[in-house]
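Reviewing the structure listed below.
Values reported hereafter were calculated over all heavy atoms of this structure, with side chains retained and with hydrogens, waters and symmetry mates removed.
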Amino acid sequence: MELQQCIQNRRSVRKYKEQEVPNELVCEILEMARLAPSAYNAQNWRFIIITEKNKKKEISEACFSQHWISEAPMLIVVCNFHKRLRDMHKDKGMLFSTQNCAIISSYIQLLAVERGLGTCWVGAFNPEELNRIIHSPILQVPADVKVEAVLTLGFPDDKKHEGHIRNEFNNFCYFDKWGSKDAKVEKAGITEKVKKKTGFFKDLFSIKVRE
């Protein structure tokens with residue numbers, strides 16, 4: 001599958017088939033995802049692959065009781081081993097380390113789509129509760145590591161969506177300064193060209209930004 005197709009097909013999947021995700025498949029995804037860029041090449045990301053039902057249930061409870069999370073065949077807990085960057089740059093180091101984890105998580109989502117899998121990025125969780133769980137004997141994560149996100153992973157069992165609800169390109173892209181748009185780009189109708197080329201977004205580009 002081409003990159004453009006992966007981007008178009010990616011969606012937040014909250015219902016999965018009971019089919020297990022082979023460990024070999026998730027390892028294949030992570031093997032490619034590790035090529036993601038990271039500040040100072042710190043590669044501070046760490047991943048805990050969760051398949052045990054009780055552990056998935058505890059994590060879902062910490063995610064504000066989103067019980068559908070525990071029904072996913074596999075969870076990837078994205079952890080931030082931030083010590084090196086924090087020691088180098090203090091608060092900025094924490095920012096860099098978080099950004100690194102976000103970048104590789106996006107790679108994982110697109111690589112999963114390429115392999116027929118679905119994901120959902122879960123960022124809604126109680127940080128204190130989830131970090132308590134990972135630092136407990138349940139997961140045995142070192143105290144200087146924090147959770148950045150939880151990714152659900154599995155074979156989708158929901159209806160295929162018809163498109164993403166997104167704003168038009170010209171609503172969020174400026175040139176040189178805030179609010180400045182390129183007249184040539186607007187005249188060229190770049191959004192219309194993208195719609196025509198992909199045949200994917202249908203009329204969803206008509207949605208405007210809320211004021």
Side-chain angles (χ1 to χ4, degrees), residues 1 3 6-7 9-39 42-82 85 96-158:
M1 189 182 297
L3 177 59
C6 291
I7 294 172
N9 291 339
R10 188 221 59 80
R11 66 189 192 279
S12 296
V13 177
R14 295 181 175 85
K15 187 176 181 182
Y16 298 91
K17 296 178 180 178
E18 294 183 1
Q19 181 179 353
E20 292 184 359
V21 178
N23 285 342
E24 294 80 2
L25 190 54
V26 71
C27 288
E28 182 181 319
I29 290 171
L30 294 176
E31 170 68 16
M32 289 299 298
R34 70 185 177 86
L35 300 177
S38 62
Q43 303 176 58
N44 54 283
W45 46 67
R46 299 293 185 272
F47 304 102
I48 305 177
I49 312 301
I50 307 293
T51 57
E52 292 183 19
K53 189 171 183 178
N54 289 338
K55 292 182 179 180
K56 289 191 294 182
K57 184 177 180 181
E58 285 216 43
I59 291 172
S60 71
E61 292 290 343
C63 295
F64 301 116
S65 299
Q66 297 183 71
H67 299 297
W68 65 268
I69 294 171
S70 64
E71 299 301 319
M74 182 176 285
L75 303 182
I76 302 177
V77 181
V78 183
C79 298
N80 183 352
F81 187 42
H82 51 76
L85 284 171
F96 296 157
S97 65
T98 298
Q99 291 173 335
N100 293 345
C101 289
I103 293 170
I104 194 170
S105 295
S106 292
Y107 274 46
I108 291 170
Q109 289 192 296
L110 294 177
L111 287 163
V113 171
E114 184 184 37
R115 288 156 178 79
L117 295 165
T119 64
C120 185
W121 183 315
V122 181
F125 55 81
N126 183 319
E128 291 77 16
E129 181 63 18
L130 190 51
N131 278 288
R132 181 194 65 77
I133 291 172
I134 72 165
H135 297 146
S136 73
I138 296 173
L139 296 182
Q140 302 180 20
V141 174
D144 58 349
V145 174
K146 66 187 288 280
V147 177
E148 293 293 351
V150 175
L151 302 179
T152 58
L153 185 70
F155 294 94
D157 191 29
D158 56 0

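- The heavy-atom pair separating A112 from L153 by the smallest distance is CB-CD1, 3.8 Å.
- Remark: E24 engages no residue in a side-chain hydrogen bond (donor to acceptor under 3.5 Å, both in side chains) (not counting sequence neighbours).
- One finds the CG atom of L111 at 9.0 Å from the CG atom of L35 (value rounded to the nearest 0.5 Å).
- Partners of N100 by side-chain hydrogen bond (donor to acceptor under 3.5 Å, both in side chains), not counting sequence neighbours, listed by chain and number: N44.
- Formation of a donor-acceptor pair under 3.5 Å by the R34 side chain with backbone atoms of E31 is found in this model.
- Closest approach of A39 and L85 over heavy atoms only: O-CD2, 4.1 Å.
- Note on residues 53-76: pairs passing salt bridge (charged side-chain N to carboxylate O under 4.0 Å, His left out), not counting sequence neighbours, are E52-K55.
- Taking each heavy atom of G118 and V13 in turn, the nearest pair found is CA-CG2, 3.9 Å.
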If you look only at distance, which donor and acceptor atoms sit under 3.5 Å apart when one is on a side chain in residues 119-128 and the other is two or more places apart or in another chain?
unit_1, atom_1, unit_2, atom_2, d
T119, OG1, Q109, NE2, 3.1
N126, OD1, E128, N, 3.0
N126, OD1, E129, N, 3.1

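- The OG atom of S97 lies 7.0 Å from the NZ atom of K146; values are rounded to the nearest 0.5 Å.
- Looking at heavy atoms from C-beta onward, I108 lies in side-chain contact with F47 at the 4.5 angstrom threshold.
- Taking both residues in full, the closest heavy atoms of W45 and A36 are given as CH2-O, 3.4 Å, listed atom of the first, atom of the second, then distance.
- The closest side-chain heavy-atom distance from P37 to I103 is below 4.5 Å.
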**Chi angles and distances behind the side-chain contact (heavy atoms from CB on, under 4.5 Å) call for S38, I104** = CA-CA 8 Å; S38 62; I104 194 170; over 6 Å; no

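- Contact of the W68 side chain with the C63 side chain is not registered, since no non-hydrogen atoms from C-beta on lie closer than 4.5 Å.
- Side-chain contact between P73 and E20 is absent, with no heavy-atom pair separated by less than 4.5 Å.
- Side-chain contact between V150 and L130: present, with at least one pair of heavy atoms (C-beta onward) separated by less than 4.5 Å.
- Scanning both residues, V78 and C101, for their nearest heavy atoms gives CG1-CB, 4.0 Å.
- Atom CE of M74 is separated from atom OG1 of T152 by 11.5 Å, given to the nearest 0.5 angstrom.
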**Request:** Take I49 and I76, measure what side-chain contact (heavy atoms from CB on, under 4.5 Å) needs, and give me the verdict at the end.
**Result:** CA-CA 5 Å; I49 312 301; I76 302 177; 3.9 Å; yes

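- In this structure, the side chains of F155 and L117 come closer than 4.5 Å at one or more pairs of heavy atoms.
- With sequence neighbours excluded, the residues satisfying side-chain hydrogen bond (donor to acceptor under 3.5 Å, both in side chains) with T98 are E148.
- Listed for the N131 side chain is a donor-acceptor partner under 3.5 Å among the backbone atoms of V147.
- I50 is listed as a side-chain neighbour of L139, based on a closest heavy-atom distance under 4.5 Å.
- The side-chain heavy atoms of F81 and D144, taken from C-beta on, include a pair separated by under 4.5 Å.
- When all heavy atoms are compared, the tightest approach of L75 to A72 is CD2-CB, 4.2 Å.
- With S60 contributing its side chain and H67 its backbone, the two residues share no donor-acceptor pair below 3.5 Å.
- With sequence neighbours left out, Q99 forms a side-chain hydrogen bond (donor to acceptor under 3.5 Å, both in side chains) with no residue at all.
- In terms of modelled atom types and a separation under 3.5 Å, the side chain of H135 and the main chain of P142 share a donor-acceptor contact.
- Atom CD1 of I59 is separated from atom CD1 of I138 by 8.5 Å, given to the nearest 0.5 angstrom.
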